Amino acid sequence: MRLIRSASEFCEELSHERACGRRVGLVPTMGALHEGHASLVRRAAAENDVVALTLFVNPLQFNDSSDLEAYPRDLDGDVDKAQAAGARIVFAPPVKEMYPSFPDVPKTTVHVSGLTERLEGASRRGHFDGVATVVAKLFALAGSCRAYFGEKDFQQLAVVRALVKDLSFPVEVVACQTVREEDGLAMSSRNALLSETDRRAATALYRALNTGLRALERGEEDLKAVRAAMRADLETEQLVYVDYAEVVDPVTFEPPARLDGELRLLVAARVGQVRLIDNVGIVLSGDTERFVENEEKQTAGVGTGKER
Ligand code: AMP
């Protein structure tokens with residue numbers, strides 16, 4: 001295991017690996033690693049010869065300084081977890097290494113238009129510019145590789161795919177399923193910030209998504225009704241403050257013209273002081289044969305509403 005702090009060393013190390021004929025898997029993270037991150041590393045290790053995990057709490061993607069300060073950090077624990085999951089390189093740069101002009105915003109930033117205007121982009125102004133900028137920098141340093149991202153951050157995944165296509169990065173983006181706790185809560189570094197009562201209330205997010213899935217499965221054709229059902233589920237928890245509960249086209253992130261074909265259900269809510277997001281996918285075909293995408297097989301112990 002090699003812990004690298006310098007951007008140029010990281011770049012050289014991965015160039016060396018490739019020169020030796022090894023295929024590189026890249027797993028960008030903000031640290032405070034959990035099983036969701038570990039699943040990305042394990043998949044990257046299975047599909048490549050060497051895995052580099054990056055740990056960087058990217059200040060550019062936080063639109064709220066108290067959120068940035070509160071974000072959990074655990075470098076030593078993360079290095080151990082990354083190694084245990086199969087990473088050979090951990091790149092954990094100081095902020096000045098990534099952004100020499102910090103706290104001034106760099107002169108060049110990356111903006112992905114369209115799909116960043118909605119949902120997370122609308123709620124967290126500038127968030128996706130920060131994400132796109134740091135991911136572009138990491139890709140520029142890493143060079144040709146496969147990069148592993150979680151569906152947990154579904155809109156982010158779409159932003160990264162657009163960025164790779166539009167800026168011609170030699171990167172293959174690999175999407176990985178969301179890993180959940182036993183009660184369905186999507187694993188997240190932010191879960192560590194939840195109080196015991198918040199943690200119980202947080203299960204409402206996945207419940208609401210399943211309520212939406214069941215409504216679609218039953219043949220509900222009114223988008224507003226599906227949204228309202230999800231929102232009502234979230235609002236049963238007093239500690240949950242709903243930001244959005246939406247059904248969108250998974251490519252454009254716009255509301256679908258018809259509740260048919262491939263759809264994505266997404267929710268965002270503040271639970272106590274902690275903002276959480278989650279999403280699930282569904283594929284509906286025709287009026288008689290409605291079925292749900294067979295994803296998230298890793299979900300344990302929860303009626304997903306996806307059984308036929
Ligand atoms: P983060 O450290 O939260 O920025 O996440 C780093 C990467 O891990 C992103 O690609 C996330 O989508 C992914 N990730 C986070 N939580 C999960 C999860 N529960 N299951 C799968 N991937 C995840």
Side-chain angles (χ1 to χ4, degrees), residues 29-40 64 67 70-72 74 81 119-120 123-124 149-157 175-218 220 223 225-248 250 263-282 292-308:
T29 81
M30 294 207 299
L33 300 185
H34 50 67
E35 264 305 300
H37 298 115
S39 74
L40 269 55
D64 173 348
D67 188 24
Y71 201 84
D74 175 18
K81 285 176 192 161
L119 304 173
E120 284 301 283
S123 293
R124 304 178 68 192
F149 288 86
E151 288 186 342
K152 157 75 171 48
D153 300 280
F154 194 75
Q155 203 175 356
Q156 168 176 285
L157 180 61
C176 303
Q177 290 174 356
T178 302
V179 178
R180 300 180 179 282
E181 302 284 358
E182 287 279 310
D183 61 6
L185 177 67
M187 290 193 184
S188 164
S189 305
R190 292 174 190 275
N191 293 352
L193 303 173
L194 296 167
S195 71
E196 217 171 290
T197 43
D198 292 343
R199 171 64 187 80
R200 274 196 295 276
T203 55
L205 275 82
Y206 191 53
R207 256 198 330 270
L209 290 170
N210 280 300
T211 296
L213 285 177
R214 277 193 297 270
L216 291 169
E217 249 186 329
R218 276 197 313 269
E220 177 59 67
L223 179 57
V226 182
R227 274 192 204 126
M230 291 198 289
R231 188 172 272 270
D233 232 4
L234 288 166
E235 285 172 348
T236 56
E237 291 288 350
Q238 281 190 349
L239 296 170
V240 174
Y241 303 87
V242 188
D243 183 353
Y244 57 78
E246 277 291 347
V247 182
V248 300
L263 302 169
R264 205 81 195 176
L265 291 72
L266 302 102
V267 293
R270 188 162 57 77
V271 183
Q273 296 304 311
V274 185
R275 188 167 188 284
L276 298 177
I277 58 173
D278 198 358
N279 70 88
V280 293
I282 182 169
V292 180
E293 192 178 330
N294 184 22
E295 62 163 21
E296 297 180 47
K297 292 192 197 89
Q298 298 155 39
T299 303
V302 177
T304 61
K306 290 188 274 186
E307 301 81 8
R308 299 203 63 192

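Because only heavy atoms are used, hydrogens play no part in the values below, and waters and symmetry mates are left out as well, while side chains stay in. Everything quoted here is computed from the prediction, not taken from an experiment.
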Asker: Which residues pass the salt bridge (charged side-chain N to carboxylate O under 4.0 Å, His left out) test with Asp153, not counting sequence neighbours?
Answerer: none
Asker: Check whether any side-chain heavy atom of Leu193 sits under 4.5 Å from a side-chain heavy atom of Gln273, and report yes or no.
Answerer: no
Asker: What's the verdict on salt bridge (Lys or Arg N to Asp or Glu O under 4.0 Å) for Asp198 and Arg190, showing C-alpha distance, side-chain angles and the deciding distance?
Answerer: CA-CA 12 Å; Asp198 292 343; Arg190 292 174 190 275; over 6 Å; no
Asker: Just wondering, do Glu181 and His34 contact through their side chains at under 4.5 Å, heavy atoms?
Answerer: no
Asker: Does the Asn191 side chain pair with the main chain of Ala186, one donor and one acceptor, at a distance under 3.5 Å?
Answerer: yes
Asker: Mind checking ring-ring contact (aromatic ring centres under 6.0 Å, His included) for Tyr244 and listing every partner two or more places apart, or none if nothing turns up?
Answerer: none
Asker: For Leu185, does its backbone N or O pair with a side-chain atom of Asp278 as donor and acceptor, under 3.5 Å?
Answerer: no
Asker: To the nearest 0.5 Å, how far apart are CD in Glu151 and OG1 in Thr178?
Answerer: 6.0 Å
Asker: Distance from Gln155 atom CD to Arg264 atom CZ, nearest 0.5 Å?
Answerer: 12.0 Å
Asker: Rounded to the nearest 0.5 Å, what separation is found between the CZ atom of Arg180 and the CD atom of Glu35?
Answerer: 14.5 Å
Asker: Any donor-acceptor pair under 3.5 Å linking the side chain of Ser189 with the backbone of Ala32?
Answerer: yes
Asker: Locate the shortest heavy-atom distance separating Val240 from Ala201; write the atom from each residue and the value.
Answerer: CG2-O, 3.7 Å
Asker: What verdict does the side chain to side chain contact (heavy atoms under 4.5 Å, CB included) test give for Ile277 and Lys152, after you've listed the backbone C-alpha separation in whole Å, the side-chain angles of each residue and the deciding distance to 0.1 Å?
Answerer: CA-CA 8 Å; Ile277 58 173; Lys152 157 75 171 48; 3.6 Å; yes
Asker: Can you tell whether the side chains of Asp243 and Arg124 come within less than 4.0 Å, N to carboxylate O?
Answerer: no
Asker: Are Asp183 and Arg199 ion-paired here, with the side-chain N under 4.0 Å from a carboxylate O?
Answerer: yes
Asker: Report yes if some heavy atom in the side chain of Ser123 is under 4.5 Å from a heavy atom in the side chain of Arg275; otherwise report no.
Answerer: yes
Asker: Can you confirm whether Leu209 sits close enough to Asp233 that some side-chain heavy atom of one is under 4.5 Å from a side-chain heavy atom of the other?
Answerer: no
Asker: Within a strict 4.5 Å, meaning less than it, do heavy atoms of the Thr29 and Leu40 side chains meet?
Answerer: no
